[in-house]
Amino acid sequence: MSSPVAIKGLTIPQLMARKGGVPIVSLTAYTMPMAQSLAPHLDFMLVGDSVGMVLYGMDSTLGVTLDMMINHGKAVMRGAGNTCVIVDMPFGSYEESPQIAFRNASRVMKETGCAGVKLEGGAVMAETIRFLSDRGIPVLAHIGLMPQSVNTAGGFRSHGRTEEEAHEIMDDAWAVTHAGAWAVVIEGTVEPLAKSVTESIPIPTIGIGASPACDGQILVSEDVLGLFNDFTPKFVKRYADLSDAASKAAGQYADEVRARKFPSDEHCFGVVKK
Ligand code: KIV
């Protein structure tokens with residue numbers, strides 16, 4: 001097993017200072033035990049609203065509520081040690097006005113103790129990003145493929161293929177930069193565009209299905225660990241097959257119970273004899 005190389009407890013300014021340097025490593029986490037396993041290896045962790053699809057089996061992230069995000073945020077904070085944790089703002093909790101966004105984002109910050117929030121949207125969210133960051137809430141922006149806009153975008157498809165879309169994404173990147181976002185997630189965007197956004201703007205870009213040239217990368221842990229099989233994007237590399245391991249372990253347990261092999265003497269009372 002490789003030894004952890006993440007510097008513990010990076011602050012937002014320290015993460016910003018990684019622009020153009022050693023790539024920023026991030027994964028999602030939704031639970032305390034997963035946060036504990038991942039934390040030593042990460043520069044920051046995201047409690048993503050992908051939780052709705054990955055843990056709850058929803059078809060999209062639209063049904064995720066603020067209370068769900070706060071509860072998962074609290075759980076992750078209990079396992080994250082001093083690794084920086086960012087919590088996603090769910091659909092409907094921030095789009096209406098900067099004031100409503102502040103009310104909900106400050107609840108997330110207060111109740112979870114996380115370091116900042118993420119929200120989807122470029123130019124259209126610039127005023128809100130400015131409002132939040134001027135009032136002490138660090139914002140990680142999210143542009144390109146925005147899963148909360150799946151209905152208007154016509155599905156989960158890659159973005160930036162036409163000249164018009166490429167201009168729009170570049171404009172979004174600049175809009176969130178000027179609005180005070182500390183970094184921006186670029187999702188599902190064609191490689192040359194993600195690279196050129198990264199080379200243009202002064203804040204870190206965190207790619208997901210975008211470009212290795214981004215200043216950092218993020219993936220959904222369950223995809224990487226083989227724990228979510230409903231839909232795996234093409235760009236995901238699996239580093240383990242934990243669903244298969246869980247199923248095999250459950251099968252072995254079932255066989256032993258049926259054969260009355262379990263609990264054996266050595267497992268009684270929680271004492272394992274060596
Ligand atoms: O919700 C999520 O998990 C995300 C990332 C994967 C960027 O937004």
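All ligand and atom numbering here is 1-based and tracks the order in the structure. Index from 1, following the sequence.
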Can you give me a line-by-line list of nitrogen or oxygen pairs between ligand 1 and the protein shorter than 3.5 Å?
from	atom 1	to	atom 2	distance (Å)
ligand 1	1 (O)	Asp49	N	3.2
ligand 1	1 (O)	Asp49	OD1	2.9
ligand 1	1 (O)	Ser50	N	3.0
ligand 1	1 (O)	Ser50	OG	3.3
ligand 1	1 (O)	Asp88	OD2	3.2
ligand 1	3 (O)	Ser50	OG	2.5
ligand 1	8 (O)	Lys118	NZ	2.9

Donor + acceptor pair across side chains of Tyr30, Ser221 (<3.5 Å)
no
Could you pull out all residues at least two apart from Thr11 that satisfy side-chain hydrogen bond (donor to acceptor under 3.5 Å, both in side chains)?
Gln14
By ring-ring contact (aromatic ring centres under 6.0 Å, His included) - contacts of Tyr239 (at least two apart)
none
Could you check if a side-chain atom of Phe44 sits within less than 4.5 angstrom of a side-chain atom of Ile24, using non-hydrogen atoms only?
yes
Qualifying side chain to side chain donor-acceptor pair (under 3.5 Å) pairs with a residue from residues 170-180, counting only residues at least two apart or across chains:
none
Are His41 and Val25 close enough that some pair of their side-chain heavy atoms sits under 4.5 Å apart?
no
